[in-house]
Amino acid sequence: MFTPGLYDVHAHLADTRLDSELPDILRRCASEMQAVLVNAARQSEWQKVLEIAKHPRMYAALGLHPFFLHEASADSLAQLERLLESEKQSGRLLALGEIGLDCWEGREELERQKNFLRAQLELAGKFSLPVILHNRKAWPDFFGLLKELRLASLSGVCHHFSASRQICRQALDLGLYISFCGPLTYPQSNRLRELAKYVPAERLLVETDCPDLPPQSQRGAQSRPWMVEEIMRCLAEQRNISMFALQEQIAVNWQSLFVE
Ligand SMILES: [Zn+2]
């Protein structure tokens, strides 16, 4: 049973920028965090993510991020399927992530991204795992792909959500959770804070995207999972609820998405 506290649904602890500090990070997380979902971006991180997930409070998400598909092949997908099969019973592997569509650099790559996303959504369905989604400038293509796959609902999280309220509504209607990170705390992020009030309590999650997107007080530095506290304080203030009430809600949401 998960208890109220700090939950980070999206951290890249296998990132090589954290290598020298990783033992300290794991130690501090074991005492200060309730849970951290360590997301993989590329195949070369999968084993390391699984190793990290053996530590207290650590959990794993495995997947292929749209930025790193030049490193991926059909064999990567077969390997992912084998790992999901062998690790699913461990209780530490909670999701496929991070996966999605990113049109930031133009549409040429998008067909390739769609092929990998389609395959990974099929794996998520096969193993009954939620997905951690990275979608940017490609939401219509994402919704179109779900339609093509005849998926009227989807279990998972929109990580670092920053799209419009209308897209937020569509994501909520599919059953997705909405996760907020460091930029929520930036002075100029008024639109994002409005959105943070709009999401129903039972669909909220929070994250750091460690080591990126530090909250306001840490700008210019790297983020760490425990900095999710600053993001939660901002979120609690926006929603006019106590920090403890938000911690309770996030614990319930984590439980219903990943455990029940
Ligand atoms: Zn990420």
Side-chain angles (χ1 to χ4, degrees), residues 6-19 21-22 25 29 33 35-50 52-53 58-72 76 80 93-105 109 113 116-117 120-121 124 129-139 142 154-163 167 171 176-186 189 192 204-215 218-219 221-228 230-232 250 254 257-258:
L6 302 182
Y7 291 80
D8 183 352
V9 80
H10 194 97
H12 291 279
L13 298 188
D15 190 304
T16 51
R17 286 174 287 171
L18 300 174
D19 278 353
E21 221 188 301
L22 189 59
I25 293 174
C29 286
M33 304 294 297
V36 178
L37 185 58
V38 183
N39 278 242
R42 55 222 291 190
Q43 186 174 2
S44 57
E45 292 179 347
W46 292 348
Q47 284 304 338
K48 192 167 169 188
V49 168
L50 292 171
I52 293 173
M58 294 289 149
Y59 298 88
L62 299 183
L64 296 165
H65 187 293
F67 283 171
F68 298 102
L69 297 178
H70 55 278
E71 300 171 359
S76 311
L80 181 58
L93 179 73
L94 298 187
L96 252 93
E98 87 182 80
I99 65 176
L101 303 176
D102 194 315
C103 217
W104 197 253
E105 313 230 17
E109 260 287 296
Q113 292 184 9
F116 276 96
L117 180 57
Q120 293 183 95
L121 287 172
L129 286 169
V131 291
I132 311 297
L133 293 167
H134 167 116
N135 284 330
R136 187 166 54 162
K137 303 248 173 209
W139 284 98
F142 173 74
L154 184 63
S155 168
V157 181
C158 302
H159 128 77
H160 184 192
F161 190 82
S162 60
I167 287 171
L176 290 166
Y177 288 67
I178 306 291
S179 175
F180 293 100
C181 53
L184 183 75
T185 63
Y186 300 171
S189 299
L192 206 51
L204 276 175
L205 285 168
V206 284
E207 64 175 74
T208 58
D209 207 16
C210 166
D212 296 315
L213 300 175
Q218 307 291 328
R219 284 183 83 173
Q222 291 179 348
S223 68
R224 296 290 180 264
W226 47 87
M227 293 176 192
V228 81
E230 184 174 338
I231 297 153
M232 290 179 76
I250 298 286
W254 181 286
L257 177 60
F258 295 123

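All ligand and atom numbering here is 1-based and tracks the order in the structure. If you're wondering where the values come from, they're calculated on a predicted model, not measured in any experiment.
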Exercise. Who are the ring-ring contact (aromatic ring centres under 6.0 Å, His included) partners of His12, not counting sequence neighbours?
Worked result: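 So His12 forms a ring-ring contact (aromatic ring centres under 6.0 Å, His included) with His10.
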
Exercise. More than 12 non-hydrogen atoms from neighbouring residues, nucleotides or ligands closer than 6.0 Å to NZ on Lys137, yes or no?
Worked result: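 Open.
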
For this session: Give a yes or no answer on whether the side chain of Glu207 reaches the backbone of His160 with a donor-acceptor pair at less than 3.5 Å.
Result: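 Yes, Glu207 side chain to His160 backbone: donor-acceptor pair under 3.5 Å.
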
For this session: Mind checking side-chain hydrogen bond (donor to acceptor under 3.5 Å, both in side chains) for Ser223 and listing every partner two or more places apart, or none if nothing turns up?
Result: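 Once residues adjacent in sequence are excluded, Ser223 has no partner under the side-chain hydrogen bond (donor to acceptor under 3.5 Å, both in side chains) criterion.
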
For this session: Check Leu62, Val131, Ile99 against Gln120 for a side chain to side chain contact (heavy atoms under 4.5 Å, CB included) and give me the one that passes.
Result: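 In the set Leu62, Val131, Ile99, the residue that makes a side chain to side chain contact (heavy atoms under 4.5 Å, CB included) with Gln120 is Ile99.
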
Exercise. Of all residues at least two apart in sequence or in a different chain, which pass the salt bridge (charged side-chain N to carboxylate O under 4.0 Å, His left out) check with Arg219?
Worked result: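 Arg219 satisfies salt bridge (charged side-chain N to carboxylate O under 4.0 Å, His left out) with no residue once adjacent residues are dropped.
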
Problem set entry | Metal environment of the Zn ion (ligand 1), protein N/O/S under 2.8 Å |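 The answer, once waters are left aside, is His10 NE2, His12 NE2, Glu98 OE1, Asp209 OD1.
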
